[in-house]
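Here the structure comes first, spelled out in structure tokens, and everything after it is commentary.
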Amino acid sequence: MKVAIVGCGNISRRHAEAYANTGRTELVGAADIDLGKAEEFVAKYGGRAYPSVAELLATEEPALVSVATPPGSHAELAIEILAAGKSVLLEKPPVLSLAELDAVVRAEAASEGSVSVVFQHRHGSAGLRAADLLGRGALGRPLVAVCETLWYRPVSYFDPEWRGTWVGEGGGPTLGHGIHQIDLLLHLLGPWRTIDATAVRLDRPVEFEDVSLASVVFESGAVATVINSLLSPRELSRIRIDTTGGTLEVNHVYGYSDKDWTFHPAPDAAKAATLGLDPGVRKAPSDAVASDDPWTASAGEDVPSNHEAQLTQLVDDLLSGRPHSTTLASTRPTMEFVTALYASSITATKLHRTDLTPNHPFYQALNGSTPEPGLKNSFLT
Ligand SMILES: NC(=O)c1ccc[n+]([C@@H]2O[C@H](COP(=O)([O-])OP(=O)(O)OC[C@H]3O[C@@H](n4cnc5c(N)ncnc54)[C@H](O)[C@@H]3O)[C@@H](O)[C@H]2O)c1
């Protein structure tokens, strides 16, 4: 399958390497507005260099184009590639607003091509098992969840012109970083119903937040807390879900393997009856872990959650004419969640998912389309 890549910066090499490792793709070209970067890129990975996607598409016939440019350009580039009848793989965050998402969905409906989104943490073997087991109730009914993205980005991280701005980056750790864990959480727990959030700018030179916190209620009745930070020196990415059957947890930073996941079954009735009688001496319920619980029993080949895991699946899907699971449409709940988190923090109200109609002020832009960055008024600085 012929593939191409637009945007030859940091993450583009992950795309090139993942495509090459499938053994079933040919990289026909790479485009970057900085032609020198495209030339350097193709010298290493193959194909021809172009200064724009338009020029690439005028000459080459890729079936699939990876868009690895800053988020502010994703929607426009996706629409351009779809108009040429080609499929698109958009880096996260796929778009900067629900309005952009719907515009790309309309372009997709009118095109022969399809749009997929990079959310690699849906594609590791343990993530796939978690979605399957939770989806069919094999781990019990989800009740309480914690979703943490505690990362560290120094001031210098915001040096590139596009970073730190609503226009270029689109948002802070909620949109740009925590979105990985948020997407996985929603993928595992299903539709959310309400969000009550706070976002603050404490330290970094950005137009938006550097920390956000949300309290979430799901349609199932389950509840979660979500925190996203760029100020946390010991970095971690963690999702913990307590169900009626046990506690499922993944604890990693930028990508997990099977070993980063644990499942602690709920204690049996006899053991549970003893818990809390003498909190000073009792052992943790984790002692009750059995090797034949549904989580352990379903273990298979370990596939880490990286670009290679998802792009291998995507190439397989496209070559066999199957839709890829991580469609743009499947990421709408995640973009709605991010939109609602900003709307809730900026307007100091609780947001319901159904509030986010095209008439809602935050449908057009994550800062509510306010001429001045809205956060300046309502965030702590
Ligand atoms: N999935 C992940 O784990 C992951 C990790 C890092 C970054 N990303 C995402 O990948 C994207 C790129 O991030 P990066 O860190 O590689 O950025 P980067 O700044 O290193 O590279 C972006 C490149 O795009 C080029 N570019 C900008 N506008 C262009 C246009 N219109 N046409 C062609 N080229 C253009 C720039 O010249 C630059 O070379 C972002 O959306 C980011 O959020 C995803």
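Positions are given from 1, in the same order as the sequence printed here. Whatever order the structure lists them in is the order used to number ligands and atoms, beginning at 1. Predicted model only: the values in this text are computed from it and were never measured.
Between His252 and His121, the gap from one ring centroid to the other is short of 6.0 Å. The aromatic ring centres of Tyr342 and Trp166 sit less than 6.0 Å apart.
Residue-ligand proximity: Phe119 is placed with every non-hydrogen atom at 4.0 Å or more from ligand 1. Ligand 1 lies nowhere less than 4.0 angstrom from a heavy atom belonging to Ser12. Residue Glu76 places every heavy atom at 4.0 Å or more from ligand 1. At least one heavy atom of His180 sits less than 4.0 Å from an atom of ligand 1. Ligand 1 lies within reach of Arg163, whose nearest heavy atom is under 4.0 Å from it. At least one heavy atom of Val118 sits closer than 4.0 Å to an atom of ligand 1. For the pair Gly176 and ligand 1, no heavy-atom separation below 4.0 Å is found.
Look at Lys86 and Glu112 and you find no salt bridge, because none of the NZ, NE, NH1 or NH2 atoms lies under 4.0 Å from a carboxylate O. Electrostatic pairing of Arg238 and Glu148 counts as a salt bridge here, judged by a charged N lying under 4.0 Å from a carboxylate O. Salt bridge status for Glu60 with Lys2: absent, with no side-chain N to carboxylate O gap under 4.0 Å. Salt bridge status for Lys44 with Glu40: absent, with no side-chain N to carboxylate O gap under 4.0 Å. Under 4.0 Å is where a charged nitrogen must lie from a carboxylate oxygen, and between Asp132 and Arg136 at least one such pair does.
With distances taken over non-hydrogen atoms, the option nearest atom 12 (C) of ligand 1 out of Gly72, Pro93, Ala68, Gly36 is Ala68. Of the candidates Glu80, Glu161, Glu91, Glu91 brings a heavy atom nearest to atom 1 (N) of ligand 1. Distances from atom 22 (C) of ligand 1 to the heavy atoms of Ser66, Pro70, Pro51, Gly7 show the closest one on Pro70.
Asn10 N, 3.0 Å is the protein heavy atom nearest to atom 20 (O) of ligand 1. The nearest protein atom to atom 21 (O) of ligand 1, hydrogens excluded, is given as Gly9 CA, 3.2 Å; this is a heavy-atom distance. Among all protein heavy atoms, the one lying closest to atom 3 (O) of ligand 1 is Gln120 NE2, 2.9 Å. Protein heavy atom at the shortest distance from atom 16 (O) of ligand 1 is Ile11 N, 2.9 Å. If you check which protein heavy atom lies closest to atom 37 (O) of ligand 1, you get Asp32 OD1, 2.6 Å. In terms of protein heavy-atom proximity, atom 30 (C) of ligand 1 is closest to Ile33 CG2, 3.8 Å. Looking from atom 40 (C) of ligand 1 to the surrounding protein, the closest heavy atom is Thr69 O, 3.5 Å. Scanning the protein for heavy atoms near atom 42 (C) of ligand 1, the closest one is Lys92 O, 3.5 Å.
Ligand 1 has an N or O atom lying under 3.5 Å from an N or O atom of Trp162, backbone or side chain.
Below 4.0 Å from some heavy atom of Val6 lie the following atoms of ligand 1, by number and element: 32 (N), 33 (C). Contact atoms of ligand 1 toward His74: 41 (O) (distance under 4.0 Å to a heavy atom of the residue). Every atom of ligand 1 with a heavy atom of Lys37 under 4.0 Å away is listed here by number and element: 38 (C), 39 (O). Ligand-side atoms of ligand 1 in range of His307: 1 (N), 2 (C), 3 (O), range being under 4.0 angstrom from any heavy atom.
Rounding to the nearest 0.5 Å gives a distance of 7.5 Å between CD of Glu301 and OG of Ser125.
Figure legend: Arg13 and Tyr45 shown without cation-pi pairing, the cationic atom not lying both under 6.0 angstrom from the six-membered ring centre and within 45 degrees of its axis. A cation-pi contact, defined as under 6.0 Å to the ring centre and within 45° of the axis, links Arg204 to Tyr152.
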Show the numbers, then the answer: is there a salt bridge (Lys or Arg N to Asp or Glu O under 4.0 Å) between Asp210 and Arg153?
-> CA-CA 9 Å; Asp210 48 23; Arg153 292 294 180 272; over 6 Å; no
Given side-chain contact (heavy atoms from CB on, under 4.5 Å), test Thr149 with Ile179 step by step and report yes or no.
-> CA-CA 9 Å; Thr149 302; Ile179 197 167; over 6 Å; no
Criterion side-chain contact (heavy atoms from CB on, under 4.5 Å) on Arg240 and Thr247, from CA distance to verdict = CA-CA 7 Å; Arg240 171 187 161 124; Thr247 297; 3.8 Å; yes
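Taking the side chain as every heavy atom from C-beta outward, Asp102 and Arg332 approach each other to under 4.5 Å.
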